[in-house]
J.: 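Below you'll find the structure I mean.
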Amino acid sequence: MASTITEKIIAAHAGRDSVAAGEFVYATVDIALGNDITAPIAIREFAEAGFDKVFDPEKVVMVPDHFTPNKDIKSAEQSKILRDFSRRHKLTHYWEVGRVGVEHALLPEQGVVVPGDLVIGADSHTCTYGAVGAFATGVGSTDLAAAMASGKVWLRVPESMKFVFEGRRRRWVGGKDFILAVIGKIGVSGALYRAMEFTGSAIGTLPMEDRLTMCNMAIEAGAKNGIVPPDDITAEYEKGRAEREGVFYNSDEDAAYVETHSFNAAEIQPLVACPHLPENVRAAAELDGVKVDQVVIGSCTNGRISDLRTAAEILKGRKVHEDVRLLVLPATPAIYRQAMDEGLLEIFADVDAVIGPPTCGPCLGGHMGCLASGETAVATTNRNFVGRMGHPESQVYLSGPAVAAASAVTGRITDPNEL
Amino acid sequence: MVKGRVWKFGDNINTDEIIPARYLNTSEPAELAAHLMEDADPDFPVKVSPGDVIVGGENFGCGSSREHAPIAIKAAGVSCVIAKSFARIFFRNAINIGLPIVVAVDAVDGIEQGHSVDIDLDAGRIRNLDTGEEFSFPAFPGELQGIISEGGLMNYVKKSLTQGN
């Protein structure tokens with residue numbers, strides 16, 4: 001039976017030769033992930049159900065990244081629940097502040113997730129790991145609790161949609177612009193319950209970090225998972241970092257897709273998603289009347305080294321606009337260190353940016369950069385819902401790092417080609 | 001059988017609206033319920049009463065995976081959420097924690113804010129007590145019935161692990 005990569009990975013983890021879209025299966029998980037917001041509920045559920053042993057201390061992963069370094073006493077208590085649980089169960093994948101990074105940047109970087117894995121995470125952006133050819137999907141805390149105990153998750157096998165990108169990317173256009181082009185076309189529920197598979201020559205040449213950005217935002221179209229079939233770029237990325245040997249699956253030529261959407265990469269401009277949904281996508285060049293109070297460069301979507309390099313390239317020799325606060329948050333300590341070694345942090349300091357710690361912080365209006373009423377931010381993050389970055393009457397525009405950096409310089413939304 | 005007054009919301013109600021992230025430094029159900037839907041309607045936590053029903057449009061519960069959202073809804077005493085469609089993680093979470101949810105497109109169009117409804121979850125029937133109109137909805141797939149009948153995923157998993165499945 002012809003299968004997609006998503007179907008093959010699920011089948012392999014359900015002890016089956018093949019599975020069909022719409023079927024329910026109980027699948028074995030390679031990694032079950034929680035963070036300082038979602039894991040405390042999972043830990044409570046786990047204990048209340050009477051479980052005292054996790055199914056595998058190497059596969060249950062805890063990442064305190066949302067409200068860390070802890071913003072208040074309550075969040076410190078939540079982190080403590082993770083810390084105590086991780087120690088008690090001798091979890092091999094727990095990172096303390098100073099070593100911790102934003103989960104979806106950290107896990108691929110550290111080789112914790114490898115190609116062919118089936119990963120669940122109590123965080124909606126768990127779908128990021130599809131970039132390395134894994135099946136990865138966001139679930140809730142009770143799902144995590146059940147997986148911590150049993151090593152399994154219930155799944156409905158998703159129908160697959162194919163997104164084909166051909167042609168050569170324009171300057172300053174990256175994975176964020178690609179995925180915004182997709183969400184702008186199909187809408188925030190356009191891939192509800194489905195798998196989004198990204199292919200084509202422009203994906204074949206797309207660097208891993210851009211692929212991570214694309215798969216990261218599959219959830220913003222409602223998808224169960226985003227995935228890029230693994231290739232030479234994947235193999236190169238995994239070299240020296242994969243903790244386990246991965247399995248490279250690929251879709252069969254005659255696999256079934258419910259929809260196929262084609263994009264000409266050469267026609268995609270630097271894009272922005274306007275308030276208050278990620279589907280409100282417009283060209284940055286059309287929005288130059290929008291004044292900006294804050295710019296955030298970071299998060300699991302665009303806080304990686306290539307994002308910081310892009311931003312630094314635009315910012316170098318310029319200054320952040322006097323009415324703008326520019327926040328740069330490298331997503332992991334390794335990225336922070338590399339940005340330091342490459343002189344990027346010096347560039348950010350020279351232009352009067354504030355350099356924050358690796359944390360989800362401002363992305364969800366948690367801390368480290370909340371907005372006041374009436375304020376507007378451009379952010380390389382993933383959601384622009386009402387109140388997402390702070391006050392319910394603030395506004396968030398989503399972009400890639402190039403538009404964000406250019407906007408920080410001019411004080412209004414700016415296509416970097418205009419600088 | 002569930003009976004209650006309706007609070008109606010639109011499409012794409014996201015979990016940041018259901019429970020804003022600024023309150024996620026706790027996971028206590030009662031504390032979360034005190035801020036339910038407050039960015040969509042600041043008085044909602046005060047106005048909502050036990051037994052009330054939330055009606056949403058397409059893609060209800062989209063965004064963050066936070067189980068705090070269905071927990072807050074349940075802890076506020078909301079007896080059921082009816083929507084045209086649910087975002088998938090919210091759907092899972094509701095099934096897993098035993099919050100009754102119903103997918104019924106016609107019913108959403110035929111019920112307005114302030115109406116009262118009764119819902120027979122077993123028979124798959126919603127009655128609008130103000131208009132007398134009735135709507136049916138299909139049962140969830142058999143695979144999910146096991147979780148629903150156990151009252152949630154943890155009971156189900158506990159039972160199946162004990163039975164050695």
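Values below: every heavy atom of this structure, side chains too, minus hydrogens, waters and symmetry copies. Below, chain A is the first sequence line, B the second, and so on; all start at residue 1.
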J.: Mind ranking A:Arg44, A:Glu77, A:Glu45 by heavy-atom pairs under 4.5 Å with chain B and telling me who comes out on top?
T.: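 The answer is A:Arg44.
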J.: Does A:Asp36 use its side chain to pair, donor to acceptor, with the backbone of A:Asp65 at less than 3.5 Å?
T.: yes
J.: Does any heavy atom of chain B fall under 4.5 Å from the side chain of A:Asp72, the backbone, both, or neither of them?
T.: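 Contact with chain B involves the side chain of A:Asp72 alone.
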J.: Chain B heavy atoms under 4.5 Å from A:Phe46: which part of the residue, side chain, backbone, both or neither?
T.: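 The backbone, not the side chain.
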J.: With no hydrogens and no angle check, is any side-chain donor or acceptor of B:Ser65 less than 3.5 Å from a backbone partner on A:Asp123?
T.: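 Yes, B:Ser65 side chain to A:Asp123 backbone: donor-acceptor pair under 3.5 Å.
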J.: Quick check on A:Leu192 against chain B: is it the side chain, the backbone, both or neither that has a heavy atom closer than 4.5 Å?
T.: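 A:Leu192 touches chain B through side-chain heavy atoms alone.
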J.: Cationic tip of A:Lys71 within the cone over A:Phe67's six-membered ring, i.e. under 6.0 Å and within 45° of the normal?
T.: yes
J.: Quick one: which of A:Asn382, A:Val139, A:Val386, A:Thr38 has the most heavy-atom pairs under 4.5 Å with chain B, could you say?
T.: A:Val139
J.: Do you know which of A:Phe51, A:Trp154, A:Phe385 has the most heavy-atom pairs with chain B at a distance under 4.5 angstrom?
T.: A:Trp154
J.: With the threshold set at 4.0 Å, does a side-chain nitrogen-carboxylate oxygen contact exist between B:Glu28 and A:Lys74?
T.: no
J.: So, for A:Ile120 and A:Ala147, which heavy atoms are closest and what is the spacing to 0.1 Å?
T.: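 Taking A:Ile120 first and A:Ala147 second, the nearest heavy atoms are CD1-CB, 3.5 Å.
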J.: So for A:Gln78, is it side chain, backbone, both, or neither that comes closer than 4.5 Å to the heavy atoms of chain B?
T.: side chain
J.: Please flag which part of A:Ile81 lies under 4.5 Å from any non-hydrogen atom of chain B: side chain, backbone, both or neither.
T.: neither
J.: Flag the one option from B:Arg66, B:Arg92, B:His68 with the top tally of heavy-atom pairs under 4.5 Å to chain A.
T.: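 The option with the most such pairs is B:Arg92.
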J.: With sequence neighbours excluded, what pairs up with A:Asn70 under the side chain to side chain donor-acceptor pair (under 3.5 Å) test?
T.: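 Only A:Ser79 meet the side chain to side chain donor-acceptor pair (under 3.5 Å) criterion with A:Asn70.
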J.: Is a salt bridge present between B:Lys84 and B:Asp11, judged by a nitrogen-to-oxygen distance below 4.0 Å?
T.: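 Answer for the salt bridge query: no.
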J.: Is B:Pro29 close to chain A through its backbone or its side chain, or both, or neither, when contacts mean heavy atoms under 4.5 Å?
T.: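 Answer is side chain: those atoms of B:Pro29 sit under 4.5 Å from chain A.
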J.: Would you mind reporting whether A:Pro158 and A:Asn225 have side-chain heavy atoms less than 4.5 Å apart?
T.: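 Side-chain contact under 4.5 Å: yes.
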J.: Against chain A, label B:Leu24 side chain, backbone, both or neither, depending on which of its atoms sit under 4.5 Å from a heavy atom there.
T.: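 Both backbone and side chain of B:Leu24 come within 4.5 Å of chain A.
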J.: Out of A:Pro392, A:Ser141, A:Gly387, which one racks up the most heavy-atom pairs below 4.5 Å with chain B?
T.: A:Ser141
J.: Has A:Asn384 got a side-chain atom pairing as donor or acceptor with A:Cys274's backbone, closer than 3.5 angstrom?
T.: yes
J.: Which region of B:Tyr156, side chain (C-beta onward) or backbone (N, CA, C, O), has a non-hydrogen atom less than 4.5 Å from a non-hydrogen atom of chain A, or is it both or neither?
T.: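 It is the side chain, since no backbone atom gets that close.
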J.: Between B:Asn93, B:Thr15, B:Ile71, which residue shows the highest count of heavy-atom pairs closer than 4.5 Å to chain A?
T.: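 The candidate making the most pairs under 4.5 Å is B:Asn93.
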J.: I'd like to verify something: which residue of A:Gly121, A:Ala76, A:Gly390, A:Ser150 has the highest number of heavy-atom pairs under 4.5 Å with chain B?
T.: A:Ser150
J.: Please look at B:Pro141 and chain A and tell me whether the side chain, the backbone, both or neither of the residue comes under 4.5 angstrom of a heavy atom of that chain.
T.: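 Interface part for B:Pro141: side chain.
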J.: Report the option among A:Val188, A:Ile73, A:Ile219 that has the most heavy-atom pairs separated by less than 4.5 Å from atoms of chain B.
T.: A:Val188
J.: Which residue, A:Thr126, A:Thr301, A:Thr381, forms the side chain to side chain donor-acceptor pair (under 3.5 Å) with A:Asn216?
T.: A:Thr301
J.: I'd like to know if A:Asp84 pairs up with A:Lys80 as an ion pair, taking the criterion as any Lys NZ or Arg NE/NH1/NH2 lying under 4.0 Å from an Asp or Glu carboxylate oxygen.
T.: yes
J.: Among residues two or more places apart or on two chains, list those pairs meeting ring-ring contact (aromatic ring centres under 6.0 Å, His included) that have a residue in residues 99-145 of chain B.
T.: B:Phe91-B:Phe140
J.: When heavy-atom pairs shorter than 4.5 Å are enumerated against chain A, which of B:Asp16, B:Val157, B:Asp39, B:Ile97 gives the highest number?
T.: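 Most heavy-atom pairs under 4.5 Å with chain A: B:Asp16.
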J.: Count the heavy-atom pairs under 4.5 Å between each of B:Glu143, B:Glu17, B:Arg22, B:Glu58 and chain A, then report the option with the highest count.
T.: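 The residue among B:Glu143, B:Glu17, B:Arg22, B:Glu58 with the greatest pair count is B:Glu143.
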